[in-house]
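Encoded as structure tokens, the structure appears first; notes follow it.
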Amino acid sequence: MPSEQLIRGMLYLSLTVVGVPGNIAVILAFLLLLHQENRLLPADAIVLHLACANLLVVGVRCLLETLASFQLAVIFDDISCKAIIFVYRTSRSLSIWLTFVLSAYQCLSIAPPGSRWASMRHLVDKYLGVVFFLLWLINTCMSSGAILFSSGRLNNSTMISYGINVQFCYVSFPSKLSKEANGAAQVGRDVVPMALMALASLIILVFLYKHSRQVKGLRSSSGGGGGGGGGAEKRAAKAVVALVTLYVVLYGVDNGLWVYTLTVRKTMTTSLISDLRIFFSSLYAALSPVVIIASNRKVNSRLGCAVQEKHVEERVTDISMM
């Protein structure tokens, strides 16, 4: 096996090992919460949906790339390339937009009660299912180009001129205009939520700064007491800011590499740039559950309970066998 392919396989394997169990753990924690309380708060429902999208990103792309890199399975023919790239692009875009929805909802959650923004949050609570449906519909439609243009091999010189090499597959456009239009649509689909979530995070940071100054003022005026409210909201806001920061950094690199790919006149003989793009975008899907598990007490508590129950069952089994 060539050293380049070995390194590539190891990188995708690392994302798979971190991302698949991490996202599954987050999903199971919220499903357990749903079973125990018969409902999920809107923010929890968004995080659950985000973990499902991230699991698709890591499972469909990184796991299959790992198997192909180590030559453990022959996966990438014309049909599978169309399906894999379509599902990857849809779930990747869903992950981006759900991160924006989460940051926007958290921004609305810290609005003063009775304000116009608080009323908008109640509206989002009511129609959150509609928001999820529209996100699926829009992103599925925008990823349909993968079905039309993806293939397992290059067939002619036109594809060589307007194609993108993604190692085991090719995305081959019929003309320069279609390549640039498809690329511009993807960049816009990423940049718009990136700008909006960055704005929402800035508002959250300003709120946290003002809140901390108010708390210090209350403590100094009361001789050291008061100011303990809003802890859960502050923790949630900080977690969202961490997710958004992670997103902006990784997807910023991803989109920079994508723009560079669009400027190349002919299909590159190496898939290095595409591999880097997929790695950085999948890195968010792999690391975001780590941030969620570390910062979300509901997830922590449910996973802790599950681990304790497992230990109890093991002890009971050991005692019964004695």
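The basis for the numbers below is simple: all heavy atoms, side chains too, and nothing from hydrogens, waters or symmetry mates.
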Are Tyr127 and Ile138 connected in a single hydrophobic cluster, I mean Ile/Leu/Val/Met/Phe/Trp/Tyr linked by side-chain heavy atoms less than 4.5 Å apart? no

Decide yes or no on side chain to side chain contact (heavy atoms under 4.5 Å, CB included) for Phe280 and Val249, but give the supporting numbers first. CA-CA 9 Å; Phe280 279 108; Val249 172; over 6 Å; no

Cys141 backbone acceptor or donor facing Ser144 side chain under 3.5 Å: yes

Side-chain touch Ser109/Arg121, heavy atoms, less than 4.5 angstrom: yes

The residue among Leu135, Leu48, Val47 that forms side-chain contact (heavy atoms from CB on, under 4.5 Å) with Leu98 is Leu135

Ile24 vs Val20 side-chain heavy atoms within contact, under 4.5 Å: yes

Where do Leu94 and Ala53 come nearest, in terms of heavy atoms and distance? CB-CB, 4.2 Å

Side-chain contact, heavy-atom cut-off 4.5 Å: Val290 with Val18? yes

Rounded distance (nearest 0.5 Å) linking atom NE2 of His35 with atom CG of Leu28: 13.0 Å

Connected via hydrophobic side-chain network under 4.5 Å: Tyr105 and Met120: yes

Taking Leu40's backbone N and O only, do any of them form a donor-acceptor pair with Asp44's side chain (distance below 3.5 Å, no angle check)? no

Shortest non-hydrogen pair, Ser69 vs Gly9, comes out as CB-CA, 3.6 Å

Would the distance check show the side chain of Ser14 and the main-chain N or O of Leu11 forming a donor-acceptor pair, the cut-off being under 3.5 Å? yes

Might you work through the side chain to side chain contact (heavy atoms under 4.5 Å, CB included) test for Tyr12 and Ile278, ending with a clear yes or no? CA-CA 9 Å; Tyr12 281 118; Ile278 295 170; 3.5 Å; yes

Are Ser288 and Asn54 linked by a side-chain donor-acceptor pair shorter than 3.5 Å? yes

Where do Asp125 and Pro42 come nearest, in terms of heavy atoms and distance? OD1-CG, 3.2 Å

More than 12 heavy atoms of other groups within 6.0 Å of Leu34 CG: yes

What's the shortest heavy-atom distance between Leu15 and Cys62, and which atoms? CD1-SG, 3.8 Å

Measuring from atom CD1 of Ile85 to atom CZ of Arg89, what distance do you get when rounded to the nearest 0.5 angstrom? 6.5 Å

I need the Ile27 CD1 to Leu32 CG distance, nearest 0.5 Å. 13.5 Å

Consider only side-chain N and O atoms of Arg61 and Thr66, and report whether a donor and an acceptor are under 3.5 Å apart. no

Any donor-acceptor pair under 3.5 Å linking the side-chain atoms of Thr99 with those of Tyr284? yes

Transitively linked via ILVMFWY side-chain contacts under 4.5 Å: Ile46 with Leu134? no

Can Phe279 and Arg8 be said to form a side chain to side chain contact (heavy atoms under 4.5 Å, CB included), step by step? CA-CA 9 Å; Phe279 176 80; Arg8 184 177 184 279; over 6 Å; no

Correct closest heavy-atom pair for Leu50 and Ser95 would be CD1-O, 3.5 Å

Nearest 0.5 angstrom please: Phe132 CZ to Leu137 CG, how far? 15.0 Å

Beyond-backbone contact of Asp77 with Ser80, side-chain heavy atoms, under 4.5 angstrom: yes

Between the side chain of Ser143 and the main-chain N/O of Asn139, is any donor-acceptor distance below 3.5 Å? yes

Are the side chains of Phe100 and Met194 in touch, meaning some heavy atoms are under 4.5 Å apart? no

Steps toward side chain to side chain contact (heavy atoms under 4.5 Å, CB included) verdict (Thr90, Trp136): CA-CA 8 Å; Thr90 302; Trp136 271 101; 4.2 Å; yes

What distance do Phe30 atom CZ and Glu37 atom CD have between them, rounded to the nearest 0.5 Å? 11.0 Å

Same apolar cluster: Phe133 and Val130, side chain cutoff 4.5 Å: yes

Can you measure from CD1 (Ile84) to CG (Leu64) and round to the nearest 0.5 angstrom? 4.5 Å

In terms of heavy-atom contacts, Ala200 and Ser103 come closest through CB-O, 3.9 Å

same_hphob_cluster(Ile96, Leu199) at 4.5 Å side-chain heavy-atom cutoff: no

